[in-house]
Amino acid sequence: MYAQMVTPETNGDESSPELAQFQARIDAGDTIEARDWMPEGYRKTLIRQISQHAHSEIVGQLPEANWITRAPTLRRKAILLAKVQDEAGHGLYLYGAAETLGVSREQLVNDLLTGKAKYSSIFNYPTLNWADIGVIGWLVDGAAIMNQIPLCRCSYGPYARAMIRICKEESFHQRQGFEIMTVMARGTPAQRNMAQDALNRWWWPSLMMFGPPDSQSPHTAESARWKIKLLTNDQLRQRFIDQTAPQADYLGLSIPDPDLKRNEETEHYEFGEIDWSEFYNVIRGNGPCNTQRLRTRRQAHTDGAWVREAAIAYAQKRAKNSK
Amino acid sequence: MTDWPLWEIFIRSQNGLSHKHVGSLHAADAKMAIENARDVYARRNEGISIWVVRSTDLYASDPSDKETFFDPAKNKIYRHPTFYTVPPEVKHL
């Protein structure tokens, strides 16, 4: 759901023997590797999905970086720095996985900076108080884990391996967030209010991370057949809510959904209507921080240009001198 | 401006196993590749030694030749100890 609305490419060469063999390999649980034959649709869909995921990791650093200089203690600052550094690492694993499919890093970065490629809608919301850092770890990273664990079994080897590394590291992200929430929920009334306020603002956007309802996602079937999407948006969202609601109870915070209640028969939580017009609006570029996020990324890329050029010049000079 | 060259990263973990491929990254030269590999692939004590190889210097077997290339090993089951029957009363064999 770091890749929210990936429209799969369809195959022009539907009936070729290679395609039948490829699908048979996937059905048998084989892993597809970079140099194996694959249909163009599979390749293009994966590039789109993996790069969207990578861009989300990179842009996802920004809302949290906002609080590094203002973390309440040295312990929290060290943890937040480590977490934001992890997000950069996750972006790099995923760019690496996308590049095995034949696209260049330069192209991927350009697509982000020109706004051609998307990243997750969640990172277009602002982090207004310290409790937002707690909620991001608890809910946003919790939702990310929910989505990424099944992807560890996806059909494309380099993507699956990147997911395994990321999931191992992501668990710390969720726990440090929940720890922040625990401390604030048990703190002074003012801290409690901050925690509740952050939960109120992030709850619905977190549910939107899983993407539109299945009834509005007509392309899921193709990605499911290729095993690059293993559970549907609604299945993942339901699991997330079932897992998270009791955690909110533990914190003594209330989820801002009057319709949320556990159905004892199905053993699942029922929940209220999600405002999908908000989601589509953010995806279209009109969220609270879309402009700011892209501007910050572009600025960082421009400011770093001389470093990239100088490093190449230095490497070339050293290579020449050592001959 | 074109990308920095791509490097393949191999890390040996603490447990004495051989270096294992962990992924790739871009860097201007080998020294930078090793430093970046530490930050990207070994933030949690994953290794005690790093190798980096320019991706263009890596040669691989052809996946479409997989069958003709590897199949000759398949029917030589006598290369495995389980091929042989050991009498139950014989020890240390």
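Note that the structure is predicted; figures quoted are calculated from it, not measured. So that the names make sense, note that chain A is the first sequence line, chain B the second, and so on, each numbered from 1.
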Using non-hydrogen atoms only, which part of A/Arg161 is less than 4.5 Å away from chain B: side chain, backbone, both, or neither?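 For A/Arg161, neither part sits under 4.5 Å from chain B.
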Is chain B contacted by the side chain of A/Glu169, its backbone, both, or neither, given a heavy-atom distance below 4.5 Å?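 When you check distances to chain B, atoms from both the backbone and side chain of A/Glu169 fall under 4.5 Å.
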Are the aromatic ring centres of [X] and [Y] under 6.0 angstrom apart?
X       : Y       : result
B/Phe83 : B/His80 : no
A/Tyr95 : A/His55 : yes
B/Tyr84 : B/Tyr78 : no

Does this structure show an ion pair linking B/Asp71 with B/Lys66, if we count only N-O contacts that are shorter than 4.0 Å?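 Not counted as a salt bridge, because no side-chain N and carboxylate O are separated by less than 4.0 Å.
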By a 4.5 Å heavy-atom criterion (distance strictly below it), what part of B/Ala60 contacts chain A: side chain, backbone, both, or neither?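 Contact with chain A involves both backbone and side-chain atoms of B/Ala60.
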